[in-house]
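Notes to accompany the following structure.
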Amino acid sequence: MEKRAYEIKSHINREISVSVIPGHFATKHSHVSHCIDMTKVKSQLNMAKAAAKILADSFVATPVDTIITLERMKMVGAFMANYLSHAGINARQNIAVLTPELVGEKLILRDNFLPYIMNNNVLLLTASATTGQTVHSGIEGIRYYGGMAVGAATVFGGEFECDVPVVKLFGVEDIKDYCSYSAQDCPLCKKGVKVDAVVNSYGYSKII
């Protein structure tokens, strides 16, 4: 499967890249035609810093008190907080970076986290947002706990409506023939094409 992989680079900073594997993949929300491997962005110091800088640049004029990170994006979130605290209206702000528990799609924030959310300006950071469900659920959770959702940032995103600004490093338009389907309507399944791997925020597991 990895022999099919190819790399795409950011148009803004060529040092930022993700690996793309064409095939048939199952995620928690959909079946997709390509697996996007973001391990380097999430795990490597230099790439995480570079990605954080691009994402943070979109929010220098937005008040941010807290960044909620999902899908193993805490290192990128910490660098975003650092950049934002040195620029724009967030200069010298002591921005908090939190990773909540998740039960299904629901954010669970313990009492010790609540002071960082309630009546605060909260930015959501996630790795992937192709259908919009992760972003919508995260924003719903922020508002449920009394926070003010000011925006969302993601490494790879699709086109969907949202009532807060959504910034992405890569989009479905960057991958030729990228498709996403509900599991019930997946044409690959209907043709009998087997699923190559199950994909989640930790990576992919091949189905033998």
Side-chain angles (χ1 to χ4, degrees), residues 10-13 16 18 29 36 38 41-42 47-174 201:
S10 165
H11 302 300
I12 301 173
N13 185 337
I16 303 170
V18 294
H29 293 145
I36 316 301
M38 295 173 263
V41 175
K42 296 179 182 183
M47 201 175 294
K49 286 177 70 175
K53 177 66 167 62
I54 293 174
L55 295 173
D57 282 345
S58 296
F59 295 100
V60 292
T62 302
V64 178
D65 301 303
T66 299
I67 300 174
I68 282 188
T69 67
L70 305 177
E71 301 180 333
R72 297 176 49 241
M73 289 291 287
K74 193 161 190 176
M75 181 158 71
V76 177
F79 284 126
M80 284 185 68
N82 183 61
Y83 283 123
L84 288 171
S85 69
H86 289 85
I89 64 174
N90 296 297
R92 294 178 294 281
Q93 278 282 91
N94 189 19
I95 299 172
V97 181
L98 306 178
T99 300
E101 297 172 61
L102 292 176
V103 176
E105 292 292 311
K106 302 298 183 183
L107 272 62
I108 304 297
L109 294 170
R110 302 296 175 177
D111 292 355
N112 49 303
F113 278 6
L114 294 183
Y116 299 101
I117 304 298
M118 193 175 296
N119 300 319
N120 280 288
N121 299 298
V122 184
L123 177 64
L124 181 70
L125 173 63
T126 184
S128 180
T130 52
T131 66
Q133 290 185 49
T134 299
V135 168
H136 290 144
S137 180
I139 290 171
E140 179 185 356
I142 290 167
R143 291 169 175 165
Y144 174 81
Y145 287 104
M148 292 164 284
V150 296
T154 187
V155 176
F156 180 73
E159 296 298 328
F160 55 87
E161 292 185 3
C162 191
D163 62 358
V164 300
V166 179
V167 175
K168 57 190 177 184
L169 284 177
F170 300 94
V172 295
E173 65 276 7
D174 295 314
S201 62

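Two residues are said to be in side-chain contact when any heavy atoms from C-beta on lie closer than 4.5 Å; Leu107 and Leu102 meet this criterion. Within the 4.5 Å cutoff, the side chain of Thr69 has no heavy atoms near those of the Val76 side chain. At a threshold of 4.5 Å between non-hydrogen side-chain atoms, the residues Lys42 and Met73 count as touching. A heavy-atom distance below 4.5 Å is found between the side chains of Leu70 and Pro100.
In terms of heavy-atom proximity, Val135 sits nearest to Ala129 at CG2-CB, 3.6 Å. Heavy atoms only, all atoms of each residue included: Gly138 and Leu124 are closest at CA-CD2, 4.0 Å. Pairing each heavy atom of Thr99 with each of Phe113, the nearest pair is O-CE2, 3.8 Å. Closest non-hydrogen pair, Ile54 versus Ser10, comes out as CD1-OG, 4.0 Å.
By the side chain to side chain donor-acceptor pair (under 3.5 Å) test, Thr134 is found to be paired with no residue, residues two or more places apart in sequence or in another chain being considered. For Tyr145, the side chain to side chain contact (heavy atoms under 4.5 Å, CB included) partners at least two apart in sequence or on another chain are Ile108, Leu109, Leu114, Ile117. Scanning for side chain to side chain donor-acceptor pair (under 3.5 Å) contacts around His29 gives Glu105, with sequence neighbours left out.
The side chain to side chain donor-acceptor pair (under 3.5 Å) contacts involving residues 55-64 comprise Lys53-Asp57, where partners must be two or more places apart or lie in separate chains. Pairs engaging residues 59-76 under the salt bridge (Lys or Arg N to Asp or Glu O under 4.0 Å) rule: none recorded [sequence neighbours left out]. Counting only residues at least two apart or in different chains, salt bridge (Lys or Arg N to Asp or Glu O under 4.0 Å) contacts with residues 81-101 comprise Glu101-Arg110. Among pairs with a residue in residues 112-135, none fulfils salt bridge (Lys or Arg N to Asp or Glu O under 4.0 Å), at least two apart in sequence or across chains.
Atom CZ of residue Phe170 and atom CD1 of residue Ile12 lie 9.5 Å apart, to the nearest 0.5 angstrom. Remark: Ile67 CD1 to Phe59 CZ distance equals 9.5 Å, nearest 0.5 Å. In this structure, OG1 in Thr66 is found 12.0 Å from CE in Met118, a value given to the nearest 0.5 Å. Rounding to the nearest 0.5 Å gives a distance of 11.0 Å between CE of Met148 and CD1 of Ile142.
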Return a table of donor-acceptor pairs under 3.5 angstrom between the side chains of residues 149-167 and protein atoms on other chains or two or more places apart.
| from | atom 1 | to | atom 2 | distance (Å) |
| --- | --- | --- | --- | --- |
| Thr154 | OG1 | Thr126 | O | 3.2 |
| Thr154 | OG1 | Ala127 | O | 3.1 |
| Thr154 | OG1 | Ser128 | N | 3.4 |
| Thr154 | OG1 | Phe156 | O | 3.3 |
| Glu159 | OE2 | Lys168 | NZ | 2.8 |
| Asp163 | OD1 | Arg143 | NH2 | 3.3 |
| Asp163 | OD2 | Arg143 | NH1 | 3.1 |
| Asp163 | OD2 | Arg143 | NH2 | 3.4 |

Please output the side-chain donor-acceptor pairs of residues 78-89 that fall under 3.5 Å, not counting sequence neighbours, one pair per line with the distance.
| from | atom 1 | to | atom 2 | distance (Å) |
| --- | --- | --- | --- | --- |
| Ser85 | OG | Ala81 | O | 3.2 |
| Ser85 | OG | Asn82 | O | 2.8 |
| His86 | ND1 | Asn82 | O | 2.7 |

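Side-chain atoms of Asn120 come within 3.5 Å of backbone atoms of Pro115 as a donor-acceptor pair (strictly under, hydrogens ignored).
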